[in-house]
Number of protein chains: 2
Amino acid sequence: MNALHQCISQYHPISIAAWEALSKALIKVEVPKNSFLVKEGAVCNKLYFLERGCLRGYYNNLDGKEVTYWFGFENNFITSFYSFISRKPGIENIQILEDSTLWGISFEALNQLFDQHHDLERLVRIINEQYYIRLEERLMAMQFKTARERYEQLLETSPHILQRIPLGQIASYLGISQETLSRIRSQV
Amino acid sequence: MNALHQCISQYHPISIAAWEALSKALIKVEVPKNSFLVKEGAVCNKLYFLERGCLRGYYNNLDGKEVTYWFGFENNFITSFYSFISRKPGIENIQILEDSTLWGISFEALNQLFDQHHDLERLVRIINEQYYIRLEERLMAMQFKTARERYEQLLETSPHILQRIPLGQIASYLGISQETLSRIRSQV
DNA sequence: TCTTTCTTTTGACAATTGTCAAAAAAGGAA
DNA sequence: TTCCTTTTTTGACAATTGTCAAAAGAAAGA
């Protein structure tokens with residue numbers, strides 16, 4: 001739980017009372033490789049902090065292919081965002097790629113904490129904003145860069161992804177075919 | 001200002017006190033077509049609500065081309081998000097495409113209001129979340145759909161864009177060349 | 001170790017999309 | 001209207017990326 005506290009502090013320090021309340025509401029979740037944290041068709045009721053391990057979000061498209069659109073690593077906040085926020089079933093699956101340790105809090109518990117601790121809601125607002133900026137950067141790369149440029153950007157900003165994730169999933173994440181990524185990689 | 005109040009209510013109703021405080025902090029901005037709300041290299045210090053008109057966010061890429069990555073229409077919240085949040089100069093230009101009326105609030109004023117009115121900060125958190133979901137949808141379309149599919153999706157979800165925005169800017173927004181968009185359009 | 005399975009690479013070819021240049025069409029101003 | 005500017009379309013060709021199939025390589029279990 002220390003990792004979470006440290007991570008939080010980097011975004012926005014919260015009061016001791018807020019941290020204590022949050023700690024009490026958190027539930028430790030240990031999940032083995034290849035299991036699922038969230039499955040499509042279900043409402044995702046929890047927001048997680050990933051302390052150890054890694055995982056991915058993907059959905060099955062109309063052609064029956066798995067489409068990976070994000071990876072989660074240590075110190076990331078994890079949820080099926082659309083489902084968690086809208087309280088509706090999502091199409092997203094969250095699969096554990098390495099044995100992982102997470103801390104989870106339910107939607108209800110989180111919102112109760114928001115009522116009691118203004119600074120906790122501020123923290124979440126600020127984290128949301130930072131994640132928004134990341135997403136914006138990714139959209140821009142997707143929209144205006146070639147496959148090769150996107151791969152090179154990934155190499156620079158997130159080399160750990162290359163070491164921990166199979167190529168096919170990375171290709172999907174970059175929006176290209178596995179064959180194309182393999183060819184790009186052999187030419188760099 | 002009524003439009004803003006109504007728009008807000010759809011996200012999260014706020015107290016009368018919060019609304020009054022917000023109203024007082026808002027500054028009306030009228031801008032003519034082709035002028036700029038935000039220019040690259042500057043820190044964007046305001047969050048706007050667009051009451052009337054339309055505008056676009058774009059940046060100049062390394063090849064000297066304008067790259068459009070969003071449009072704003074009536075009832076949208078507008079800012080150069082990265083710059084507004086991080087308090088750093090951005091690369092984004094916001095150009096007015098039709099004579100527009102906006103209501104603006106400064107970063108400082110907004111944050112002071114957050115301290116005084118918890119429900120206002122909640123409102124912004126919720127709006128942020130909804131905008132995040134939109135962005136996520138756009139990223140997925142960009143990542144896993146063909147140019148034609150993205151165009152057809154735009155036709156369905158935002159036909160007004162087609163009627164108010166030049167083709168070249170729409171093409172850029174869709175991440176394709178103007179010629180390709182023109183050809184797609186002639187074949188639908 | 002030897003299989004078996006999963007992952008990655010390679011080849012051949014097709015489909016999509018981009019680029020450059022020019023023509024056509026549309027819109028604005030006098 | 002008429003002229004001028006901007007926007008859109010079209011053609012020819014090149015570059016990028018995808019698809020299918022097969023081979024090569026790596027990892028995991030018996």
Side-chain angles (χ1 to χ4, degrees), chain A residues 32-35 54-56 58 60-69 71 95-99 140-155 159-188, chain B residues 32-35 54-56 58 60-69 71 95-99 140-155 159-188:
Chain A
K33 182 171 173 172
N34 287 327
S35 65
C54 78
L55 35 75
R56 66 166 179 143
Y58 75 90
N60 296 295
N61 76 358
L62 299 175
D63 306 334
K65 284 187 187 166
E66 289 184 359
V67 162
T68 297
Y69 58 103
F71 298 108
Q95 184 184 27
I96 312 299
L97 301 181
E98 296 173 8
D99 293 353
M140 284 201 254
M142 200 54 66
Q143 202 164 352
F144 306 112
K145 295 193 173 174
T146 64
R148 156 162 281 117
E149 287 169 334
R150 297 202 298 276
Y151 172 71
E152 284 167 357
Q153 181 175 320
L154 192 72
L155 265 186
H160 56 284
I161 292 187
L162 279 300
Q163 286 147 13
R164 294 171 72 177
I165 310 282
L167 202 68
Q169 290 174 19
I170 296 174
S172 179
Y173 175 79
L174 290 172
I176 56 181
S177 71
Q178 171 167 329
E179 293 90 335
T180 297
L181 179 54
S182 175
R183 288 186 177 104
I184 286 172
R185 206 160 65 146
S186 70
Q187 287 164 28
V188 170
Chain B
K33 182 171 172 172
N34 287 327
S35 65
C54 79
L55 35 75
R56 68 167 177 141
Y58 75 90
N60 297 294
N61 77 356
L62 298 176
D63 306 334
K65 283 187 187 168
E66 290 184 357
V67 162
T68 297
Y69 58 102
F71 298 108
Q95 184 184 27
I96 312 297
L97 300 180
E98 296 173 7
D99 293 353
M140 284 201 254
M142 199 57 64
Q143 202 165 352
F144 307 112
K145 294 193 172 175
T146 64
R148 155 161 283 115
E149 288 169 333
R150 298 202 297 276
Y151 173 71
E152 284 165 357
Q153 181 175 322
L154 193 71
L155 265 185
H160 57 283
I161 292 187
L162 280 299
Q163 286 147 15
R164 294 170 73 175
I165 310 282
L167 202 68
Q169 290 175 18
I170 296 174
S172 178
Y173 174 80
L174 289 173
I176 56 180
S177 71
Q178 171 167 328
E179 293 91 334
T180 297
L181 179 54
S182 175
R183 290 188 176 103
I184 285 172
R185 206 159 66 146
S186 69
Q187 286 164 27
V188 170

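Chain identifiers are assigned alphabetically (A, B, ...) following the order of the sequence lines, protein sequences preceding nucleic acid strands; residue numbering begins at 1 within each chain. Computed from a predicted structure; not experimentally measured.
The distance from the CD1 atom of B:I176 to the OG atom of B:S182 is 10.0 Å, given to the nearest 0.5 Å. Distance check, rounded to the nearest 0.5 Å: CD of B:Q95 to OH of B:Y58 gives 5.0 Å.
One atom, CG of A:L97, and another, P of C:dC6, lie 16 Å apart when rounded to the nearest Å. Note: CZ (A:R164) to C1' (C:dT7) measures 19 Å, nearest angstrom. Going from atom CD1 of A:I170 over to atom P of C:dC6 covers 19 Å, rounded to whole Å. One can place CD of B:E66 at 10 Å from P of D:dT7, the figure rounded to the nearest angstrom. Spacing between atom NZ of B:K33 and atom P of C:dG27 amounts to 12 Å, rounded to whole angstrom units.
Taking 4.5 Å as the limit, some side-chain heavy atom of B:L154 sits within range of a side-chain heavy atom of B:Y173. Counting only heavy atoms from C-beta outward, the side chains of A:N61 and B:F144 never approach each other to under 4.5 Å.
A donor-acceptor pair is defined here as one N or O able to donate and one able to accept, closer than 3.5 Å; no such pair exists between the side chain of B:Q169 and the backbone of B:E66. A side-chain donor-acceptor contact under 3.5 Å links A:E149 to the backbone of A:T146.
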**Item:** Nucleotide-resolved protein contact map, nucleotides 9-25 of chain D, B/S/- at heavy-atom distance under 4.0 Å
**Value:** BBBB----SBBBB----
